[in-house]
Amino acid sequence: MGAVEYRNLGRTGLRVSTVSFGAWAIGGTWGPVDDTESLAALHRAVELGVNFFDTADVYGDGRSEKLLARLRSEHTEPIYVATKAGRRLERQSVAGYSRQNLARWIERSLKNLKTDVLDLLQLHCPPTDLYYAPEVFGILDDFVEKGVIRAYGVSVERVEEALKAIEYPNVQSVQIIFNLFRQRPAELFFAEAARRNVGILARLPLASGLLAGKLAADTRFTNDDHRTFNRHGEAFDRGETFSGLDYELGLELVAELKKLVPPGVPMSAWAMRWILTNRAVSCVIPGAKRAAQVEENVKASDLAPIPAADLAAIDALYRTRVRPLVHQYW
Ligand SMILES: NC(=O)c1ccc[n+]([C@@H]2O[C@H](COP(=O)([O-])OP(=O)(O)OC[C@H]3O[C@@H](n4cnc5c(N)ncnc54)[C@H](OP(=O)(O)O)[C@@H]3O)[C@@H](O)[C@H]2O)c1
């Protein structure tokens with residue numbers, strides 16, 4: 001297993017593994033999970049040099065945060081956890097992001113994570129209007145001053161939200177969907193984020209598993225897996241499932257891309273190598289449930305760069321077959 005690469009997470013002072021860990025799936029909403037297996041995946045990640053984990057208070061209603069607390073208690077090396085707040089609201093509204101609610105959510109995450117301070121708190125895909133409410137960012141500044149959060153950032157659905165968010169000087173990170181099927185963030189946002197030295201967490205790096213190249217037309221997902229119940233955005237933003245692409249089309253495109261993956265290289269690692277080609281990205285946060293998946297994913301860190309001709313082929317595929325369907329939605 002090669003060496004894991006680290007990059008600065010914006011101005012936070014954290015150096016994070018370029019291949020980090022998305023801890024949604026181990027909480028729930030992705031079919032059945034087994035904590036013993038999840039912990040094995042988490043431990044394997046740490047052994048391989050992964051030092052940054054993305055979670056949220058709502059993932060398994062705290063189950064994911066609690067697993068991360070356990071992971072931290074069993075290691076001595078620094079393990080940074082980014083959590084999120086805002087999705088405990090029954091209905092999303094700007095008013096819901098009040099001082100009182102934020103304090104309650106932070107308190108709960110501190111408890112779940114068994115810590116006195118959160119490394120990074122991200123607002124969890126709040127409504128677009130929130131970015132026009134400077135008072136919320138003022139409240140977050142107060143929590144930093146109080147010492148209960150070290151830094152804060154946002155997780156966004158749309159590029160426009162990301163651009164607006166980084167106008168606030170203390171937004172230290174933006175989490176956004178970026179993968180072979182979602183390329184618009186690279187057009188304008190990445191340059192702006194790099195100019196302001198804002199960290200970028202690329203989520204859905206595998207387009208909900210599609211880009212790992214192991215799904216097929218007859219793959220069955222359980223009823224409690226969002227790949228069954230959110231295919232058309234029935235429960236939350238459509239773009240969060242398969243990156244907003246129709247599943248069958250996604251499989252066709254994956255078959256095309258597979259032709260470019262060098263022999264012996266896991267497609268997941270190759271797909272994330274493509275993401276990391278973009279230096280503005282601090283890390284990818286693939287959602288893994290099993291140690292074997294982690295082992296494949298971390299290989300992205302030390303793969304050779306993708307040759308220019310292959311980058312051009314990827315670009316052509318995106319331009320002709322993906323862009324017309326999704327580019328302007330997010
Ligand atoms: N609103 C938000 O802020 C938000 C929304 C979505 C995600 N996120 C964060 O981003 C992270 C990543 O996004 P995501 O989990 O939605 O999507 P993803 O990383 O694109 O896909 C995750 C799925 O890919 C499969 N997978 C992972 N590694 C694999 C491998 N080596 N081989 C085969 N399959 C593999 C697993 O599915 P199976 O094994 O079940 O097939 C896994 O559940 C989340 O965990 C979460 O931390 C945040």
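Just follow the structure's listing: the first ligand is 1, and inside any ligand the first atom is 1. When a residue number appears, it is its place in the shown sequence, counting from 1.
Contacts of K84 with ligand 1, taken as heavy-atom pairs under 4.0 Å, involve the side chain alone. Only the side chain of N297 comes within contact range of ligand 1, with a heavy atom under 4.0 Å; no backbone atom does. At a heavy-atom cutoff of 4.0 Å, ligand 1 is contacted by no atom of A56, backbone or side chain.
Of all protein heavy atoms, the one closest to atom 11 (C) of ligand 1 is I285 O, 3.1 Å. From the protein, the heavy atom lying nearest to atom 5 (C) of ligand 1 is E240 OE1, 3.0 Å. Scanning all protein heavy atoms for the shortest distance to atom 1 (N) of ligand 1 gives C125 SG, 3.2 Å. With respect to atom 36 (C) of ligand 1, the closest heavy atom belonging to the protein is G287 O, 3.7 Å. Closest to atom 47 (O) of ligand 1 among all protein heavy atoms lies D54 OD2, 2.6 Å. Looking only at protein heavy atoms, the nearest one to atom 48 (C) of ligand 1 is Q175 OE1, 3.0 Å. Nearest to atom 25 (C) of ligand 1 among the protein's heavy atoms is G209 CA, 3.8 Å. Among protein heavy atoms, atom 8 (N) of ligand 1 sits closest to R203 CD, 3.4 Å.
The shortest separation from a heavy atom of R290 to ligand 1 is under 4.0 Å, placing the residue in contact. Within the structure, ligand 1 has Y59 among the residues with a heavy atom less than 4.0 angstrom away.
Between R88 and D61 there is a salt bridge, since a side-chain N of the basic residue sits under 4.0 Å from a carboxylate O of the acidic one. The pair E157-R203 meets the salt-bridge criterion, with a side-chain N (NZ, NE, NH1 or NH2) lying under 4.0 Å from an Asp/Glu carboxylate O. A salt bridge links E5 with R279; the closest basic N to acidic carboxylate O contact falls under 4.0 Å. A salt bridge between E252 and R321 is present, with a side-chain N of the basic residue lying under 4.0 Å from a carboxylate O of the acidic one. For R72 and D119, the salt-bridge test passes: some basic side-chain N is under 4.0 Å from an acidic carboxylate O.
With atom 35 (C) of ligand 1 as the reference point, the heavy atom nearest to it among H226, E295, Q293 is part of Q293. Of the listed options K214, E157, R227, R227 places a heavy atom closest to atom 38 (P) of ligand 1.
The atoms of ligand 1 that sit less than 4.0 Å from any heavy atom of W24 are 6 (C), 7 (C), 16 (O), 44 (C), 45 (O), 46 (C), 47 (O). Using a 4.0 Å cut-off to heavy atoms of A23, the atoms of ligand 1 that qualify are 45 (O), 47 (O). For ligand 1 and G22, the ligand atoms under 4.0 Å from any heavy atom of the residue are 11 (C), 44 (C), 45 (O), 47 (O). Close contacts between ligand 1 and L204 involve ligand atoms 6 (C), 7 (C), 12 (C), 13 (O), 16 (O), 17 (O), 18 (P), 20 (O) [criterion: under 4.0 Å to a heavy atom]. Against a heavy-atom cut-off of under 4.0 Å, P205 is close to the following atoms of ligand 1: 19 (O), 20 (O). Here is the list of ligand 1 atoms found below 4.0 Å of a heavy atom in K289: 38 (P), 40 (O). Atoms of ligand 1 found under 4.0 Å from any heavy atom of H124, numbered from 1 in the order shown, are 1 (N), 2 (C), 3 (O). Ligand-side atoms of ligand 1 in range of P286: 19 (O), range being under 4.0 angstrom from any heavy atom.
Residue E187 qualifies as enclosed at atom CD: its count of foreign heavy atoms under 6.0 Å is above 12. Counting non-hydrogen atoms of neighbouring residues, nucleotides and ligands closer than 6.0 angstrom, the CZ atom of R273 exceeds 12 such neighbours. Within a 6.0 Å sphere centred on CZ of R70, heavy atoms belonging to other residues, nucleotides or ligands number 12 at most.
The distance criterion of under 3.5 Å between nitrogen or oxygen atoms is not met by A212 with respect to ligand 1. The distance criterion of under 3.5 Å between nitrogen or oxygen atoms is met by S208 with respect to ligand 1. Taking distance alone, with nitrogen or oxygen atoms compared against 3.5 Å, A207 approaches ligand 1 more closely than that limit. Polar contact with ligand 1: absent for A25 (N/O pair, distance under 3.5 Å).
In this structure, E234 contributes its side chain and H232 its backbone to a donor-acceptor pair below 3.5 Å. The backbone N or O of V281 sits less than 3.5 Å from a side-chain atom of R7, completing a donor-acceptor pair. At least one donor-acceptor pair closer than 3.5 Å links the side chain of K84 to the backbone N or O of T55. Counting only distance, with no hydrogens or angles, the side chain of N179 and the backbone of L204 share a donor-acceptor pair below 3.5 Å.
The side-chain tip of R231 points at the ring of Y247 from less than 6.0 angstrom away and within 45° of straight on.
Relative orientation of the W105 and Y97 rings is perpendicular, given thresholds of 30° and 60° on the angle between their planes. Taking the six-membered ring for Trp and thresholds of 30 and 60 degrees, F229 and F236 have ring planes more than 60 degrees apart, a perpendicular arrangement.
The heavy-atom pair separating T83 from A56 by the smallest distance is OG1-CA, 3.4 Å.
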